[in-house]
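Just below is one structure, and these are the notes that go with it.
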Amino acid sequence: MKTMKTQRGMTLTSFLAVAVVVGFGLYVAMKLFPMYQEYYAVKSALKGVANEPGVAGMEPGKVQEMFFRRLYINYSENVKPANVKMQRVNGGWNMKVNYEVRQPLVGNLDVVGKFDTQQELTRSGAQ
């Protein structure tokens, strides 16, 4: 007896539905990636400032200048001086960076990222 082989696989409609879902996911990822890339640039700049010799004894303005110079290299646009707070701690400074990034997504919908990080700046040494 002859058996019929049935075709297997996705129909065009189901393929288009999967393509739309994957495409939307990629679109959202493209909007989120720069936000997180900037956040890691902020963390890297904070660690770079923390590794500077003599940072514990510097004035807050000088420390912030070093921080923003490092951010400028990484093309950071969303962190402003108002987002940076310096607090005196034993043996140095505690630098807090708190900022928000808003990216338009679709129509009047936005993706909002709130980022908050801090770094102890207690390294002393030759200036």
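Numbers for residues simply follow the sequence, beginning at 1. In this text the structure is predicted, and so the values were computed from the model without any measurement.
I73 and V42 fall into different hydrophobic clusters, where Ile, Leu, Val, Met, Phe, Trp and Tyr are joined by side-chain heavy atoms under 4.5 Å apart, directly or via other members. In this structure, Y40 is a member of the same hydrophobic cluster as L71, with clusters built from ILVMFWY side-chain heavy atoms closer than 4.5 Å.
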List, one per line, each side-chain donor-acceptor pair under 3.5 Å for residues 76-95, sequence neighbours excluded.
unit_1	atom_1	unit_2	atom_2	d
S76	OG	E38	OE2	2.7
N78	ND2	E38	OE1	2.7
K80	NZ	E77	O	2.5
N83	OD1	K80	N	2.8
N83	ND2	N98	O	3.3
K85	NZ	A82	O	3.1
R88	NH1	A56	O	3.3
R88	NH1	G92	O	3.2
W93	NE1	M58	O	3.0
N94	ND2	Q118	OE1	3.2

Return all side-chain donor-acceptor pairs below 3.5 angstrom for residues 26-36, not counting sequence neighbours, or 'none' if the list is empty.
unit_1	atom_1	unit_2	atom_2	d
Y27	OH	L105	O	2.7
K31	NZ	P104	O	3.2

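For E65, the side-chain hydrogen bond (donor to acceptor under 3.5 Å, both in side chains) partners two or more places apart in sequence, or in a different chain, are R69.
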Report the C-alpha distance between Y99 and V97 in whole Å, list the side-chain angles of each, state the deciding distance to 0.1 Å, and finish with yes or no for side-chain contact (heavy atoms from CB on, under 4.5 Å). CA-CA 7 Å; Y99 66 101; V97 181; 3.9 Å; yes
Using the side-chain contact (heavy atoms from CB on, under 4.5 Å) rule, take R70 and V49 through it: C-alpha gap first, then chi angles, then the decisive distance, then the call. CA-CA 8 Å; R70 283 175 166 79; V49 170; 3.9 Å; yes
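Two residues are said to be in side-chain contact when any heavy atoms from C-beta on lie closer than 4.5 Å; V112 and V101 fail this criterion.
Of all the heavy atoms in A50 and E120, the pair that sits closest is CB-O, 3.8 Å.
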